[in-house]
Amino acid sequence: MTRIHHLNCATLRPLGGALVCGGGRAWTRSRLVTHTLVVETRRGLVLVDTGLGSADVDRTRGPVHARHLRMLLWAALLPDEPVVRQIERLGFRASDVSDIVLTHLDLDHAGGLADFPDAAVHVMTTELEAAFRRPSVSERIRYAPVTWAHGPRWRLYDERRGERWFGLVAQAIEDLPELLYVPLPGHTRGHAGVAIRTDRGWLLHAGDAYVFQSELGNGSSSFVIERFQTHVSAIDDRKRSATRGRLRALAERHADQISILSAHDPDRFEALTQC
Ligand SMILES: [Zn+2]
């Protein structure tokens, strides 16, 4: 049996209340989560994303970095949220983490890499190239090289490879037979989802391919989040839209076989932690 722990590894509190989350007044702060998975496998613990790291919340990366996290991500920087602290509370050690599989390299998804210096870190080649080269202004802002300054053991994946998987394309992840990589580009150049085979079918972590679960049905995202995604956070909004369309089709046709989650939806996180 594949045991999966659902953890919130960075609370984000954007201003905008009802305009962001559909609840609260416009001038109050909303609450988003950063949904991180810890998968118990034969090889060791596998993290799907890390959330922010201990150096982020301890502010040991410096005041400029902390201000960046606050202004760019509205990060609450809560000291008990880094995944390394949460797995210790579950009875594990950092050295039990053998692999980290990243949806992308934004700070709120990869900030905790340095807490696991010995883990193999899986990422799409296109994503790593974008994060290293930072060819546009928005990529110079969103990617922080300090996140990987310790020199992770990268494992790279070519998004053009793979096989058909419920109408999408997926490829095996090295040494991890329970997991598949599913390219979902648009939010960043090499953004990808991670599918995990469970006893009850597949669980697909779709990262930031969408925000609210309502976006996969007939509903839409909130006013603020939709505009933020379109005009600020997506490197290619046409691709982001197409990716979300494919996820909608997946949710509509295969809901009995695949459960999809995004990184930042607080209600979806609560629902899955109660399973
Ligand atoms: Zn994110």
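The figures here come from the full heavy-atom set of this structure, side chains too, leaving out hydrogens, waters and symmetry mates. Whatever order the structure lists them in is the order used to number ligands and atoms, beginning at 1. Quick caveat, the model's predicted, so the values are computed rather than measured.
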Inset, instruction - Report yes or no: does His6 contribute a side-chain atom to a donor-acceptor pair with the main-chain N or O of Thr273 at less than 3.5 Å? - result: no

Inset, instruction - Using a strict cut-off of less than 4.0 Å between a Lys/Arg side-chain nitrogen and an Asp/Glu carboxylate oxygen, indicate whether Arg189 and Asp236 qualify as a salt bridge. - result: no

Legend entry - Pair Glu178 + Arg197: basic N to acidic O under 4.0 Å: no

Inset, instruction - Inspect the contact between Arg93 and Glu88 and indicate whether a charged nitrogen and a carboxylate oxygen are less than 4.0 angstrom apart. - result: no

Legend entry - Members sharing Val33's hydrophobic cluster (side chains within less than 4.5 Å): Phe269

Legend entry - Protein N, O or S within less than 2.8 Å of the Zn ion (ligand 1), waters excluded: Asp108 OD2, His109 NE2, Asp208 OD2, His264 NE2

Legend entry - Sidechain N-carboxylate O distance under 4.0 Å for Arg142, Asp106: yes

